[in-house]
Amino acid sequence: KNQVEQSPQSLIILEGKNCTLQCNYTVSPFSNLRWYKQDTGRGPVSLTIMTFSENTKSNGRYTATLDADTKQSSLHITASQLSDSASYICVVTRSSGYSTLTFGKGTMLLVSP
Amino acid sequence: EPEVTQTPSHQVTQMGQEVILRCVPISNHLYFYWYRQILGQKVEFLVSFYNNEISEKSEIFDDQFSVERPDGSNFTLKIRSTKLEDSAMYFCASPRGNEQFFGPGTRLTVL
């Protein structure tokens with residue numbers, strides 16, 4: 001069954017600290033993996049997207065890694081800011097082209113002052 | 001970032017009523033998606049629509065649901081005879097390249 005599992009379910013960190021969110025997936029065949037940020041009551045906004053051949057991709061203070069062999073990904077947030085408080089969702093696309101996305105449940109991050 | 005718009009932002013309806021949710025995807029796109037997110041749960045795929053036809057649909061997308069393209073730029077999701085469990089955020093998404101751009105969502109509350 002195609003699944004995306006994320007951990008932790010929620011996380012509280014102090015402003016300025018770093019954190020790492022985890023994602024494991026069983027989606028096959030794999031096309032790409034995305035990390036989205038979703039503010040409460042808003043639509044998801046793309047942070048990074050990685051294909052099979054990419055191991056690392058950065059977008060500002062966000063750095064995503066992908067290990068396609070172990071089917072694991074992580075999202076590292078550096079020097080967290082209050083505005084980083086949101087749900088971070090790992091999403092895997094099953095095949096190339098305009099195929100459906102399989103969503104994880106997300107990690108709810110709260111950055112505390 | 002390309003903009004996808006949705007209306008209304010909030011919709012409250014009585015159980016059994018019909019609702020129509022609207023989306024304006026990235027201009028000139030023929031392909032778009034509808035997703036829903038029940039409060040506290042993950043985003044779930046409903047249906048993809050390409051060139052005036054349903055391309056793929058999930059188990060959730062039963063006969064209660066329908067999608068249309070009433071004109072060149074608007075897409076709609078119709079929910080007939082709404083149930084309490086239809087209460088959720090409904091997102092449309094429009095792809096460009098490998099990216100999917102989500103609209104802000106419509107919050108549907110069924111009473």
Side-chain angles (χ1 to χ4, degrees), chain A residues 1-10 21 23-27 30-54 57 59-60 62 64 66 86-108, chain B residues 1-10 21 23-26 29-51 53-61 87-109:
Chain A
K1 185 176 180 181
N2 295 310
Q3 287 186 320
V4 177
E5 301 290 340
Q6 291 187 244
S7 62
Q9 189 174 32
S10 62
L21 315 180
C23 173
N24 298 324
Y25 62 92
T26 58
V27 178
F30 174 87
S31 176
N32 58 65
L33 184 145
R34 312 153 190 250
W35 282 94
Y36 281 89
K37 178 186 179 185
Q38 185 180 24
D39 294 311
T40 302
R42 306 293 298 274
V45 175
S46 180
L47 296 175
T48 65
I49 178 170
M50 290 181 292
T51 59
F52 185 88
S53 59
E54 296 175 293
K57 182 162 282 190
N59 177 4
Y62 302 104
L66 173 65
S87 179
Y88 291 84
I89 306 173
C90 177
V91 184
V92 180
T93 304
R94 195 164 62 245
S95 60
S96 61
Y98 294 138
S99 295
T100 57
L101 309 181
T102 302
F103 287 75
K105 290 185 176 180
T107 292
M108 180 62 69
Chain B
E1 183 173 296
E3 187 175 21
V4 178
T5 60
Q6 290 185 245
T7 57
S9 57
H10 295 85
L21 312 181
C23 172
V24 179
I26 298 171
H29 271 212
L30 299 177
Y31 217 122
F32 78 101
Y33 299 78
W34 281 102
Y35 296 88
R36 80 171 185 189
Q37 186 176 30
I38 296 171
L39 183 64
Q41 298 187 22
K42 65 179 180 180
V43 177
E44 300 172 289
F45 166 73
L46 289 177
V47 64
S48 59
F49 193 79
Y50 175 72
N51 200 23
E53 290 185 356
I54 290 176
S55 176
E56 189 174 355
K57 60 182 181 180
S58 71
E59 295 175 347
I60 304 169
F61 194 87
S87 296
M89 284 287 287
Y90 289 82
F91 298 103
C92 68
S94 187
R96 190 170 77 176
N98 281 329
E99 288 285 359
Q100 281 208 17
F101 296 94
F102 286 79
T106 292
R107 180 175 297 282
L108 176 64
T109 301

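The shown structure was predicted, so the numbers you read here are calculated from the model rather than taken from an experiment. Chain naming here is simple, since letters A, B, ... match the order of the sequence lines and numbering starts at 1 in each.
Taken to the nearest 0.5 Å, the CZ atom of B:Phe91 stands 9.5 Å off from the CZ atom of A:Arg42. Rounding to the nearest 0.5 angstrom, the gap separating the CD1 atom in A:Ile89 from the NZ atom in B:Lys42 is 11.0 Å. Taken to the nearest 0.5 Å, the CD atom of B:Gln37 stands 12.0 Å off from the NZ atom of A:Lys105. In this structure, CE on B:Met89 lies 10.0 Å from OG1 on A:Thr40, to the nearest 0.5 angstrom.
Checked against side chain to side chain contact (heavy atoms under 4.5 Å, CB included), B:Thr109 has the following partners two or more places apart in sequence or in another chain: B:Val12, B:Arg107, B:Leu111. Residues forming a side chain to side chain contact (heavy atoms under 4.5 Å, CB included) with B:Gln41 (at least two apart in sequence, or on another chain): B:Ile38.
For an aromatic pair to be called close, the ring centres must be under 6.0 Å apart, and A:Phe103 with B:Tyr35 satisfies this.
Annotation: A:Lys57, atom NZ; neighbour count of heavy atoms from other residues, nucleotides and ligands within 6.0 Å is above 12.
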